[in-house]
There are 2 protein chains.
Amino acid sequence: MEVLLLVPSSSSNSRQDPTFVHSYAIALLINSQKDSLSTQQHANTLSVMAFESHHAPTIGSTPFSTESYFQTQRPPVGLEEKTKLMLEFVERWKSVQGKKVVLVTSGGTTVPLEANTVRFLDNFSAGTRGATSAEYFLSQGYAVIFMHRLHSLRPFSRHYSHSLNPFLDLLSVLPQSEPSSSSSSSSSSSKATTTKPNIVVSLTHSSTLLPILEAYHSAQNEGTLLSIEFTTVNDYLWLLKSVTGAMSPLGRRGMFYLAAAVSDFFLPEERVAEHKIQSNKGTLNLEMDSVPKVLKPLVQEWTPEGYIVSFKLETDPALLVPKSRAALSRYGHQLVVGNELHRRKYEVVFVERKTPLSPTKGDGDNRLSGVETPPLDAEAGGEKGLEEEYKETWLRLDDLSNTQTNGISGAETNTNTNGSSTSGHKGRDGEVEIEEIIVKELVDRHQRWIEAGTN
Amino acid sequence: MEVLLLVPSSSSNSRQDPTFVHSYAIALLINSQKDSLSTQQHANTLSVMAFESHHAPTIGSTPFSTESYFQTQRPPVGLEEKTKLMLEFVERWKSVQGKKVVLVTSGGTTVPLEANTVRFLDNFSAGTRGATSAEYFLSQGYAVIFMHRLHSLRPFSRHYSHSLNPFLDLLSVLPQSEPSSSSSSSSSSSKATTTKPNIVVSLTHSSTLLPILEAYHSAQNEGTLLSIEFTTVNDYLWLLKSVTGAMSPLGRRGMFYLAAAVSDFFLPEERVAEHKIQSNKGTLNLEMDSVPKVLKPLVQEWTPEGYIVSFKLETDPALLVPKSRAALSRYGHQLVVGNELHRRKYEVVFVERKTPLSPTKGDGDNRLSGVETPPLDAEAGGEKGLEEEYKETWLRLDDLSNTQTNGISGAETNTNTNGSSTSGHKGRDGEVEIEEIIVKELVDRHQRWIEAGTN
């Protein structure tokens, strides 16, 4: 039998911010016992030895603040080159009168368990929300920095997922032996045959593909789409800080659409194992720290003028609105898009402050400080107070949208206050996509935010 | 301060198999303490309450055997339909004289931490090895069941990764206004214009794409490729059992090429959280169990006649050969392909028994029973004994292969005994791919295995 002494990874006398103390410790304890000749005593001795050779929880260590994170965790390889690309992109579009720029983050971040990574923690996200939204931002005239997980879905090519709609199925080989119409001309027919493209997109697919391809070429030719890749949560945090700084000179013309699924925990680099963790080495202890809440400095310091939209994904519908409100209260930004895992393609909720947009952002609700979810059993007065301060606008795709073929109205917008109403158009695949409605609503709000700043 | 009592999840009097006892316990302990008004005492009370409300390690529980795994873990949705497809596929090719069938598994398996999955553990694998090998097995005349992680790389389309070589870049839109050669004909030119495909693959890309597309169409037309998808390790285990049973009637004509990166640990379904784990709920305890070693029943019971190739991925080169030998010894199958994470695209090692292939497989080396890695400090006699029993054949891509443009020899094969030698051909992308050499070597061995069975 083993006895482990675990203590909170933050002691009360070393808190950096008494209002927001988050001390998480995740211990991975692997106890392996394979040798049938071992006595129980022997196995335990082995376990303790292995345990002691790894990092053990210590008393008095503090959780990472944003500041201490960037002081201690190394920037990823390639950060400089990517930052240069982002700076050039912003500089170019900043010089174009009235051009708006949006950062779209997309896909999940990983937490590698080994430096030579075999195993990692991941956050579920194919990148559909981000890739789809990026397309609609482009069509609304935005320049888009698409910061996404490597190999997650991308704008335009997302329509042709290798598993669901493989592009190879679009293609036909024109038979070489068949006399082509060019053979009727008197000019050298052999030359015409060799220069004629002989792989074509079948006509049945080209009407769907054509507008996608044209929008893709248009973004390429105009340089309105910059794609930047990340894999780990460390990549993401460094890139986010970097791109936010790069976009800060845009002032209110910059929007931040933070749809990536970011890990809550990470392994500080000094504790990441060098090699693949062997499952037969006795007890192993890994301690994971909470990822600093970078949204707070992003909102308050890195880009005080940006229009910031964060996302809250929950699987329990009852938590969606309370947690979205708490995030607004905590970070003081403009809008939270709440989505429930299984309904996220048909329904989202915009949570924002009820008061008309002021020239400055909110700076938080003291009643909620440090509480991510308001207690559900709070007294009636407190609940009412919250409801008066925030409003929710539900965006839903009409249930009929899958069966409609001609109508363009496939969505409804409900608000529990006096919100606006919008309708969805058919997406490129013939179905309404909720991202079109989300983006349209946000573009309106962003425009009002810009205008409020110029008054 | 908290005191947790952890005991091995298997007690000595309840072992099912005294030779192979693997008791792993992974405890995820999250201690959160946000309320600045809480006393230390209060926080600890909360922690203990939360801890007790989850599954706690119990004394005397046994690790999962393959049998108990399938008795307690539910089959994934869709297993029946997929099994039906696999049975039909095998039935069809079994009736073709001499046709060989290979199961290729590819990509990593996940371990969801929640039933409504937001977070999961994953194993690093893009699926390159499996997807590439499947292509070469097809070109060698095999029928291929390609059992792969959803959205991992696939045969043929792997050449056009959305991030590295996006297919949209291959395509050109032929200008509609340009007079086409068909307009010179006297027949209705408007009809010719509308029926003419107007999206084509640019000539610069079509010479590379054409052989890939033709091989893809050929596999489709002949029905030689069956793709089956998995996501979680539970999907994988059920499918593996099912497909092995389906392939068993093939006898020695069936090969198993197990290249998927399979999790070592899993969460039994009764302990998977229903909803997204909230990071602010105090201490949380998750206990992960070791995945049963299904290779043993697969080799000995499910398909006693199949030719079975397993893979061993390590990041520490010193462990590669010892662990590969141990796997052979433990499971009694024919061959282990060892690969080191950073050299896996240029170098692999075949580890197999030195003795000529007998009509039956090996049944294990008693000296190594239950030991995955032979002790490195074993006495000289023991080491020599092992070296006499196994042989390693190193397959390496020639360092010159990247600069050669005309030569077809781009690989070398070294063996520490009297192995054969082979050379690599240019792959479709103009570079030698090590999978071509691996597959060629395996096809030879598989053929000898078949012939040994008919003597």
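Throughout, a chain's letter reflects where its sequence line sits, starting with A, and its residues are numbered from 1. What you see is a predicted model, and the numbers here were worked out from it, not measured in a lab.
Using a 4.5 Å heavy-atom threshold, the side chains of His217(B) and Leu168(A) count as separate. Residues Leu121(B) and Asp122(A) have side chains not in contact (no heavy-atom distance under 4.5 Å, counting atoms from C-beta outward). Within the 4.5 Å cutoff, side-chain heavy atoms of Tyr216(A) are placed close to those of Pro166(B).
Heavy-atom distances place both the backbone and the side chain of Ser161(B) under 4.5 Å from chain A. Contacts of Phe120(A) with chain B are made by both backbone and side-chain atoms, with heavy-atom separations under 4.5 Å. For His205(A), no part sits under 4.5 Å from any heavy atom of chain B, backbone or side chain.
For the side chain to side chain contact (heavy atoms under 4.5 Å, CB included) criterion with Ser206(B), the lone passing option out of Asn198(A), Val173(A), Val200(A) is Asn198(A).
Under the 3.5 Å distance criterion, the side-chain polar atoms of His162(B) are matched with a main-chain donor or acceptor of Tyr160(A).
In this structure, CG in Leu164(A) is found 7.0 Å from CG in Leu150(B), a value given to the nearest 0.5 Å. To the nearest 0.5 angstrom, His151(A) atom NE2 is 11.0 Å from Ser152(B) atom OG.
Contact record, Leu170(B) with Phe167(A): CD1-CE1, 4.5 Å, taken as the closest heavy-atom pair.
No other option in Val111(A), Leu209(A), Thr110(A) has as many heavy-atom pairs under 4.5 Å with chain B as Leu209(A).
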